[in-house]
Amino acid sequence: MPELPEVETIARSLSQGRGTGFSILGKVINDVTILWKRSIAVPSAEEFYQRVHGQTICDVGRRGKYIVMQLSDDALLFHLRMSGDLTIQPASRPTGKHDRVIFHLEGEHKLVFEDARKFGRVWLLRDAQEELGELGPEPLSDTLDEDHFFRMLQASKRQLKPLLMDQTFLAGLGNIYTDEALFKARLHPLSISNQLSSQHAAILLQAIRETLHEGIRRDGASIDWVYRGGNFQNQFCVYGRKGKACPVCGTTIERIVVGQRGTHYCPTCQSKSAIS
DNA sequence: AGGGAAACCCGAACGC
DNA sequence: TGCGTTCGGGTTTCCC
C-alpha cells in the first residue's frame, strides 16, 4: 500500500524532521530492539544487532518503494510492503502493539519500524545494490525518456496492469497509482504493452508522472486503517470506486481481477480497442 | 515468456 | 452482542 509517493513522503519527513522537529541525519544508533525477528530479512537478527549499533545515519533516501539509509559502514533498507510504517518517536513513548524493530538514537528519540501485518522487511547490507540491483528505472528520473519507455513497452507483450506493477520493469508503482495512471492515460489495464504506439507510450509516461507528483504533493494517500497523514485518497478517480460514477464521463466504474489484483477502470474512458 | 495460484499476515468488514 | 468467515494487498515462489 505504501507506494512511491507514500515512501517518498516518509523518507523526506525522516530526513527533514517534519512533524517531530527531529532529523535522523547525523544521528548515532545507540541500540536496537528487535521485537519480531522475521522482520529482519538479512543478516540474522543476532548479526544485525551486532553490526548496526554504533553506526551513524549519514543519508536517507528512496529507491522504488524502499527507504534507503546510508550508515557509516553499511546500508540499511526498509520495505513497508502492506502495512509498514517508519516514524520518529520520543524515547519515552511506550512500545506500540505493532512495533517490530526499534532503533534507539542519540537525542532521546527512537526510529520505530511498525508493521501490523508483518510483511515488511529490513535489510542491513554492505552495498544497497545487493537488494536494489534488479529494480527497474525510477519513473520520475530524467534518465528515463519517452523513447526509452516506448522501447521498454515494445520489449514485452504483457498486460499493462501487471507490467507496470512489476518492480523490475519500473520501480515504485503499486495497485493504486497504477489504476489511477492508466485512467489518466485512458488506457485499458488489459492492453498489451507492445501494441501501444509511441504516442500512447508518451501519454502513459506523462500520466504516471503526473499521478505520482500529485500523490507526493498531497503527502501520499491514507487508505484503509493505515493512516499516514496524506490526503491523495480524496483525489482517486477509479481506485476503490467500483459502482460509482466516472468523474469524467459518468459511466459506472468497474472492478475486475488482473493477476490476483483488484483493478478499477472506466469502461468508457479506457477503451478496449488496443486489446481486441 | 507469461499467466495463475499459493504463501506470508492480520485488522476490518461482512454474514448470521 | 458475538462468533466465524472472507477479503485485501506487495512480493516471492512455484507450477503450467
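In what follows, every chain begins at residue 1, and chains take the letters A, B, ... in the order their sequences are listed.
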Legend entry - Any A/Tyr239 side-chain nitrogen or oxygen under 4.0 Å from OP1 or OP2 of C/dG8: no
Legend entry - Residues that A/Arg255 engages under salt bridge (Lys or Arg N to Asp or Glu O under 4.0 Å), provided they are two or more places apart: none
Inset, instruction - Kindly state which residues belonging to residues 165-176 of chain A come within less than 4.0 angstrom of DNA chain C, counting heavy atoms of the residue only, listed by number. - result: A/Met165, A/Gln167, A/Asn175
Legend entry - A/Leu153 versus A/Ala201, closest heavy-atom pair with distance: CD1-CB, 3.7 Å
Legend entry - Spacing of A/Leu190 atom CG relative to B/dG2 atom P, expressed in whole Å: 16 Å
Inset, instruction - State whether A/Lys97 places a side-chain N or O below 4.0 Å from either non-bridging phosphate oxygen (OP1 or OP2) of B/dC10. - result: no
Inset, instruction - Measure the angle between the two terminal helix axes of the helix from B/dG2-C/dC16 to B/dC16-C/dG2, five base pairs each, and quote it to 10°. - result: 50°
Inset, instruction - Using a cut-off of strictly less than 4.0 Å between a heavy atom of the residue and any atom of DNA chain C, enumerate the qualifying residues of residues 32-47 of chain A by number. - result: none
Inset, instruction - Might you point out which heavy atoms bring A/Cys269 and A/Cys266 nearest each other, and give the distance in Å? - result: N-SG, 3.2 Å
Legend entry - Candidates C/dT11, C/dG9, B/dA6 - which lies nearest the side chain of A/Gln260: B/dA6
Legend entry - Residues which pass ring pair (Phe, Tyr, Trp, His ring centres under 6.0 Å) with A/Phe232, listed by chain and number, not counting sequence neighbours: A/Tyr177, A/Phe236
Inset, instruction - Could I get the full list of salt bridge (Lys or Arg N to Asp or Glu O under 4.0 Å) partners for A/Asp99, not counting sequence neighbours? - result: none
Legend entry - Atom pair distance, as rounded to whole Å: CG in A/Asp115 and P in B/dC8: 16 Å
Inset, instruction - Looking only at non-hydrogen atoms, find the nearest pair between A/Ser83 and A/Arg117 and report the distance. - result: OG-N, 2.8 Å
Inset, instruction - Please indicate yes or no: is the ring centre of A/Phe119 less than 5.5 Å from the centre of the six-membered base ring of C/dT11, with the two planes inclined by under 30 degrees? - result: no
Inset, instruction - Look at the side chain of A/Arg158 and decide which nucleotide, out of C/dG8, B/dA6, B/dG2, has an atom nearest to it. - result: B/dG2
Legend entry - Electrostatic pair A/Glu138:A/Arg63 at N-O distance under 4.0 angstrom: yes
Legend entry - Nucleotide B/dG2, atom P - distance to CG of A/Leu160 in whole Å: 13 Å
Legend entry - Atom-pair distance (CD1 on A/Ile256; P on C/dG8), nearest Å: 14 Å
Legend entry - Nearest-Å distance for atom pair CE/P, residues A/Met82 and C/dG9: 7 Å
Inset, instruction - Whole angstrom is fine here: how far is it from CZ in A/Arg117 over to P in C/dT11? - result: 15 Å
Inset, instruction - May I have the distance from A/Lys118 (atom NZ) to B/dA7 (atom P), rounded to whole angstrom? - result: 19 Å
Legend entry - Side-chain N or O of A/Arg100 closer than 4.0 Å to phosphate OP1/OP2 of B/dC10: no
Legend entry - Validation row: A/Met69, A/Phe78 side chains within 4.5 angstrom (heavy atoms): yes
Legend entry - Which atom of A/His53 lies closest to which atom of A/Asn30, heavy atoms considered: CB-O, 3.9 Å
Inset, instruction - Report yes if the side chains of A/Asp179 and A/Tyr265 come closer than 4.5 Å at any heavy-atom pair, otherwise no. - result: no
Inset, instruction - Please determine if A/Lys27 forms a cation-pi arrangement with A/Phe22, meaning its NZ or CZ atom is less than 6.0 Å from the six-membered ring centre and no more than 45° off the ring axis. - result: yes
Inset, instruction - Take atom CZ of A/Arg81 and atom P of B/dC9, then tell me their distance rounded to the nearest Å. - result: 11 Å
Legend entry - Under 3.5 Å side-chain donor-acceptor pair for A/Lys161 and A/Thr263: yes
